[in-house]
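Here is the structure we will look at.
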Amino acid sequence: MTKTLLVTSALPYANGDIHLGHLVEHVQTDIFVRFQKHLGHACYYMCADDAHGTAIMLSAEKDGVTPDAYIDAVKAQHISDFKQFNIDYDHYYSTHSEENRVLSESIYNAANDDGGIIKKDIQQYFDEDKGLFLADRYIKGTCPKCGATDQYGDACEVCYATYSATELVDPVSALSGKPPVLKESTHYFFDLEKYREHITQWLATDPVSDPVKNKLNEWLTGDLKPWDISRDAPYFGFKIPGTDDKYFYVWLDAPIGYIATTESWATANGKTCHAFWKNDAVEIHHFIGKDIMYFHTLFWPAMLAVSGFNQPKKVHIHGFLTVNGEKMSKSRGTFILARDYAKLLNPDILRYYYAAKLSSSMDDIDFNLEDFVQRINSDVLGKFINIGSRIGAIVTKKLDGQLSTIDAEGLALLDDILAMSDAISDAYQSLDTHKGMRMIMQCAELANKYIDDKAPWALVKDNADAARVVCTVALNALRILCIYLAPVMPGVTQQLFSFLGVSSQHWAQLPQHITNATLAPYEHVLKRLTLDDVAPLVNTTQ
RNA sequence: CGCGGGGUGGAGCAGUGGUAGCUUGUCGGGCUCAUAACCCGAAGGUCGCAGGUUCGAGUCCUGCCCCCGCUACCA
């Protein structure tokens, strides 16, 4: 049965470059989406830049451009970066859009009409030089608990204490360097506690894994604190309806960007977002990092429920990327930008490496340069592409590029490889791509053993017909492996499909063996890696 | 006592009660079609430490040690 899915990756913040960490999520999502499409499902992949907030306003100011010009430039760069990695969005939009403004207002109004918005006067630090209220991260001072200096306004990095900015000793504005003053302001809050029932009902539908559910239950056993959704002018964002100087906090309109992106895409295709977000038949899947779990599993389902939109079927949460076992760090030179990688290496092999490491858990994964070289050479080159390379050479040089038929023994091999398809499919479906890649490589080993047993290079000398059968079998094994791997390595597998003389193939075509075909000469699709090839990724001189 | 995740052969990882596995790396052999590839075989682990439960523990319980995240340049 054909399903309809709407899939999202978290919206990258329009205040920085895309790096290998973002790519973990977007590659994981893209593999999932491509796999769904391979199965024949209607699957739409929506993403956008998250374009609001103080940080962006300040960055634009620093660059001497308007926020609009700033976010446009960043968005263009983001789209170009993702494209290089074969991330195939159906639409990539921006939260700074008319659709998002309309939707944010209507969702806010729905919550307000429901009595879900509270107003409270709060005291907040204010930078008189800049004329800005200061978020915790823009205030520095001495930790009230341990006396460490130069700490942020929310937590101490030395003693791990958490506190409010007003408790900091000798606070200064990180923007002007001057002591801030306390100023009163009315803020708007989303009354999360009011929607506890919605959240627990949603959780009962099994949208998250058990470890995530445990973590959420921790939060849910306490009071759900009202969520501060307003910011005072000046702020780059949407004005809150009925106010003159209050803006939606960026995290209010960011997830709504998922719907707004859908709307923008749907309008261009003669539909509306309601066909997806108010239609029970559509499965909504969010892919996010573990750091933003809170927003997507508490506020977001509550906001959707109060405004009559469907809640997500699944929220898939992944861990972070470390480089050579350590947190990515600009000072260590391990903060690797997507476009810097793409200048050096083929994006598909990074996708494979991630797939070989990713699971459905929130565990962090490590990008280890040495391990990367070994894994790519061994799996992708040695096991997978090698089938094409060794057989392609024989077919091209000795057999005039001509295939024949498959014998009973060859059929047995192909059946063994095809027998793995359900397990591989399950692995893709459950995001346990590490298991999937392992199984696919086992299939590749079977094919290599078969080739070794049959020794077509010897056979070709006095029995070209028999050699031709072996080559036909081996290349059909390769064709099956290409279908298995197509969601992970779309570029590489497309090249191999071209060699095999077929257009891109889908899951349903697994058993359709090719026989009696004439092949173009085999050409290498990837180069083996050496450590010297990958070493420039990290800047070790710093 | 802040909370959470984790410690399995050199490296990266599977494995939640029943003779310790996979990939890679190392060593030896084979093959020579292929991008020093592929095939066969071997060595290499007291499963962080110490107790406990059990006929039996990597797997369950208790205590301890260490690493990582929760906080940053962030997803």
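Chain naming here is simple, since letters A, B, ... match the order of the sequence lines and numbering starts at 1 in each.
At a threshold of 4.0 angstrom between heavy atoms, the contacts of Lys398(A) with the nucleic acid are absent. Within the 4.0 angstrom heavy-atom criterion, only backbone atoms of the sugar-phosphate kind lie near Gly382(A); the bases stay farther away. Among the heavy atoms of the strands lying under 4.0 Å from Leu526(A) is at least one base atom, whether or not backbone atoms are also near. Note on Lys383(A): only backbone sugar-phosphate atoms sit closer than 4.0 angstrom, heavy atoms only; bases stay farther off. Nucleic acid contact for Leu321(A): base, since at least one base atom lies under 4.0 Å from a heavy atom of the residue. Nucleic acid contact class of His434(A) (heavy atoms, under 4.0 Å, all strands): none. Asn368(A) comes within 4.0 angstrom of no nucleic acid atom, judged by non-hydrogen atoms across all strands. In this structure, His524(A) reaches the bases: a heavy-atom distance under 4.0 Å links it to at least one base atom across the strands shown. Contact annotation for Ala393(A): backbone-only contact, meaning every heavy-atom pair under 4.0 Å involves sugar-phosphate atoms and none involves a base. Within the 4.0 angstrom heavy-atom criterion, only backbone atoms of the sugar-phosphate kind lie near Gln374(A); the bases stay farther away.
Residue-environment remark: CD (Glu409(A)) stays at or below the threshold of 12 foreign heavy atoms within 6.0 Å. Dense packing is recorded around CD of Gln429(A), with more than 12 heavy atoms of other residues, nucleotides or ligands lying under 6.0 Å away.
Comparing the C1' positions of C38(B) and G45(B) gives a spacing of 29 Å, expressed to the nearest Å. One P atom belongs to C47(B), the other to U59(B), and the distance between them is 9 Å to the nearest Å. G9(B) and C3(B) have their C1' atoms separated by 33 Å, given to the nearest Å. Atom P of U23(B) sits at a distance of 16 Å from the matching atom of G15(B), rounded to the whole Å. A distance of about 39 Å separates the P atoms of U26(B) and A75(B), rounded to the whole Å. Nucleotides G5(B) and A42(B) have their C1' atoms positioned 37 Å apart, rounded to a whole Å. To the nearest whole angstrom, the two C1' atoms, one in G30(B) and one in G44(B), are 23 Å apart. With both ends at atom C1', the span from U16(B) to C73(B) equals 39 Å, rounded to whole Å.
Distance CG (Leu478(A)) to P (C33(B)): 20 Å, rounded to an integer number of Å. Going from atom NE2 of His78(A) over to atom P of A75(B) covers 9 Å, rounded to whole Å. Atom-to-atom, NE2 of His19(A) to P of A75(B) comes out at 5 Å; the value is rounded to the nearest Å. The CG atom of Asn463(A) sits 17 Å away from the P atom of C33(B) (whole-angstrom rounding). Taking atom OH of Tyr353(A) as the reference point, atom P of U24(B) lies 14 Å away to the nearest angstrom. The CG atom of Leu446(A) sits 15 Å away from the C1' atom of C22(B) (whole-angstrom rounding). As rounded to whole Å, 14 Å separates atom C1' of C33(B) from atom OH of Tyr450(A). Between Met441(A) atom CE and U24(B) atom P the separation is 11 Å, expressed in whole Å.
In the set U35(B), A75(B), G69(B), the nucleotide with an atom closest to the side chain of Lys290(A) is G69(B). Distance from the side chain of Tyr522(A) is smallest to U35(B) among U35(B), U24(B), A75(B). Distances were taken from every side-chain heavy atom of Ile385(A) (C-beta onward) to each of G69(B), U35(B), C73(B); the shortest belongs to U35(B). Residue Ser389(A) places its side chain closer to U35(B) than to any other of C33(B), U23(B), U35(B). Of the candidates G25(B), A75(B), C39(B), A75(B) carries the atom nearest the Tyr13(A) side chain, counting heavy atoms from C-beta on. Nearest nucleotide to the side chain of Glu445(A), out of C39(B), G69(B), U35(B): C39(B).
Sequence order on RNA chain B of the closest nucleotides to Asp371(A) and Ala444(A) puts Asp371(A) first from the 5' end. The 5' end of RNA chain B is approached more closely, in terms of each residue's nearest nucleotide, by Arg438(A) than by the other of Gln442(A) and Arg438(A).
A cation-pi arrangement is present between Lys290(A) and Phe320(A) under the rule of less than 6.0 angstrom and at most 45 degrees off the ring axis.
A donor and an acceptor atom, one from each side chain of Tyr354(A) and His318(A), are nowhere located under 3.5 Å apart. Inspection of the Tyr70(A) and Asp63(A) side chains reveals no N or O donor paired with an N or O acceptor under 3.5 Å.
Just one residue in the list Asp30(A), Leu6(A), Asp88(A) forms a side chain to side chain contact (heavy atoms under 4.5 Å, CB included) with Tyr45(A), and that residue is Asp30(A).
The backbone N or O of Leu537(A) lies less than 3.5 Å from no partner atom in the side chain of Asp340(A), so there is not a single donor-acceptor pair.
The side chain of Lys449(A) places an N or O atom within less than 4.0 Å of a non-bridging phosphate oxygen (OP1 or OP2) of C40(B).
For C55(B), the paired base is G18(B) (Watson-Crick or G-U wobble, both distances below 3.5 Å). With a cut-off of 3.5 Å on both pairing distances, the Watson-Crick or G-U wobble partner of U26(B) is A42(B).
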Stepwise salt bridge (Lys or Arg N to Asp or Glu O under 4.0 Å) test for Lys357(A) and Asp371(A):
CA-CA 11 Å; Lys357(A) 292 223 152 188; Asp371(A) 182 55; 3.3 Å; yes
